[in-house]
Amino acid sequence: MIQMKSKLNVIDNSGAIVAECIKVLKNARWASVGDEIVVAVKKARPVSDSTSSSLSAAKIRKGDVRRAVIVRTKKEIRRPDGRYVRFDDNACVLLNNQQQPLGTRILGLVSAELRYKNWVKVVSLAPRVI
Amino acid sequence: MLSRWGTAFKQINAFSKAHGPQSALLSLRQLQTTRAQHQDQSYIVLQPQFDKPMTKPEEKRPNVMKIIAREALARADTDNRSKLFVRRAAPRDRMCAGDVVFVETKNSTSDSGTTSFTGVCIAIYRRGVDTSFILRNVVQKVGVEMRYMAYSPLVKRIEILQKGVGFRRAKLFYLRDNPGKTFQLKALKKMAQSAASTAKQG
């Protein structure tokens, strides 16, 4: 149940650490796993000039506005067979304008709902899907 | 579908008024079998059908809904997993809050692939057929809780790997904030892996 002002952990290697939701990109107040949101980066890893030129990945700084997909929620998600999954935190993965993950790795587990909502790249990068 | 049940209840009421409450159960049974034979419309007849209503000897005026609930549980209880949820069973036979439980789930009714999850049972909701329990585990430094419906046909196997010791509550939600050493056991991981590997072989 992510809405405006919800803080999420960013679990890819884009450089952002904490992002705040500023818009839910569907005609609803809340977003859940597999939904796209617009986030503002609140906390990011320091970007040094020496490494930035060699890396091909995008530089994420504090204050950047990006799109993201929610991968874990603290609110339980219902599966069609009556199962419920709940994680201990809210987490997202930053996306670029083509809906592809910005980072090259995903650090941590993601929910299996992403598979059913066609986030194939995210699911394949994730080390563990539950 | 609601109107069908409405007419069924009207027929049962009419029948029971004429013949007495006990026969209302028999009339439902007859209704199910007769309506199944009707060729114009198709009805779902739950299998297996029971010849006699599942009343207890101490029930002088049995309640229809209680008997229907018992029958539903008997139909869903394919591998005797109801023994895990009986309150009066011995602690080593039944599932208690604090046990390390392994659940194997089928991915779909047609697919043969399975998913497994091991965790500490932190809550059990005993609701007859809708009995469910919550398992909690820490996977990749993130706490994950899964709530399973015990009698779902997709739940292939429920096994208690280790009995919990020293848990004095029915609901262990405090483990979310104060886990202590509950999720730090390396033996837990080994048990989960061995259970998962036997699941894949079996």
Side-chain angles (χ1 to χ4, degrees), chain A residues 1-2 6-13 16-19 32-34 68-93 101 103 105-120 122-130, chain B residues 76 101 103-111 113-125 127-156 158 171-179 182-183 189 192-193 196:
Chain A
M1 258 170 106
I2 308 299
S6 299
K7 288 222 165 73
L8 302 111
N9 296 330
V10 181
I11 59 163
D12 55 12
N13 65 345
I17 299 169
V18 176
S32 183
V33 174
V69 62
I70 300 168
V71 298
R72 291 200 298 253
T73 52
K74 208 163 175 185
K75 177 73 182 162
E76 60 273 351
I77 312 150
R78 191 176 184 275
R79 301 254 166 98
D81 61 349
R83 273 186 293 171
Y84 285 90
V85 202
R86 229 189 65 107
F87 298 94
D88 270 5
D89 65 344
N90 302 310
C92 66
V93 166
R105 280 175 56 211
I106 292 180
L107 320 151
L109 60 104
V110 300
S111 174
E113 257 66 31
L114 295 170
R115 211 175 267 142
Y116 306 117
K117 298 203 175 174
N118 293 323
W119 293 100
V120 183
V122 179
V123 170
S124 63
L125 283 171
R128 186 81 194 268
V129 182
I130 284 202
Chain B
V101 178
V103 176
E104 201 188 336
T105 336
K106 286 196 259 182
N107 289 338
S108 74
T109 42
S110 51
D111 193 29
T114 56
T115 325
S116 54
F117 189 79
T118 314
V120 175
C121 179
I122 58 170
I124 301 173
Y125 300 92
R127 307 273 186 275
V129 188
D130 305 321
T131 300
S132 59
F133 56 94
I134 304 180
L135 299 182
R136 182 178 168 84
N137 203 351
V138 176
V139 184
Q140 301 223 339
K141 296 179 196 167
V142 179
V144 184
E145 288 178 15
M146 291 221 58
R147 182 172 179 171
Y148 290 97
M149 307 308 287
Y151 297 109
S152 162
L154 289 182
V155 171
K156 199 170 160 191
I158 306 172
K171 305 280 186 290
L172 308 178
F173 298 132
Y174 65 87
L175 289 178
R176 290 171 185 162
D177 304 315
N178 293 319
T182 324
F183 302 103
K189 274 189 188 172
Q193 281 169 5

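In what follows, chains carry the letters A, B, and so on, assigned in the order in which the sequence lines appear, proteins first and then strands, with residues in each chain numbered from 1.
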* Asked: Between CD1 of B/I122 and CG of B/L175, what distance do you get to the nearest 0.5 Å?
  -> 7.0 Å
If the cut-off is 3.5 angstrom, what donor-acceptor pairs do you find between chain A and chain B?
residue, atom, partner, partner atom, Å
A/Y84, N, B/R147, O, 3.0
A/Y84, O, B/R147, N, 2.8
A/R86, N, B/E145, O, 2.8
A/R86, O, B/E145, N, 2.8
A/R86, NE, B/E145, OE1, 3.2
A/D88, N, B/G143, O, 3.0
A/D88, OD1, B/R136, NH1, 3.1
A/D88, OD2, B/R136, NH2, 2.6

* Asked: In this structure, which one of A/V93, A/N13, A/V123 forms a side chain to side chain contact (heavy atoms under 4.5 Å, CB included) with A/I106?
  -> A/V93
* Side chain from CB out, backbone as N, CA, C, O: work out which of these in A/I130 comes under 4.5 Å of a heavy atom of chain B, or both, or neither. => side chain
* So do A/F87 and A/V71 actually touch side chain to side chain, heavy atoms under 4.5 Å? -> no
* Return the minimal non-hydrogen interatomic distance between B/V101 and B/C121, and the atom names on each side. => CG2-CB, 4.2 Å
* Closest approach of A/A112 and A/V129, non-hydrogen atoms and distance? -> CA-CG1, 3.5 Å
* To do: Check the pair B/F133, B/I158 against side chain to side chain contact (heavy atoms under 4.5 Å, CB included), reporting the backbone distance first and the verdict last.
  => CA-CA 11 Å; B/F133 56 94; B/I158 306 172; 3.8 Å; yes
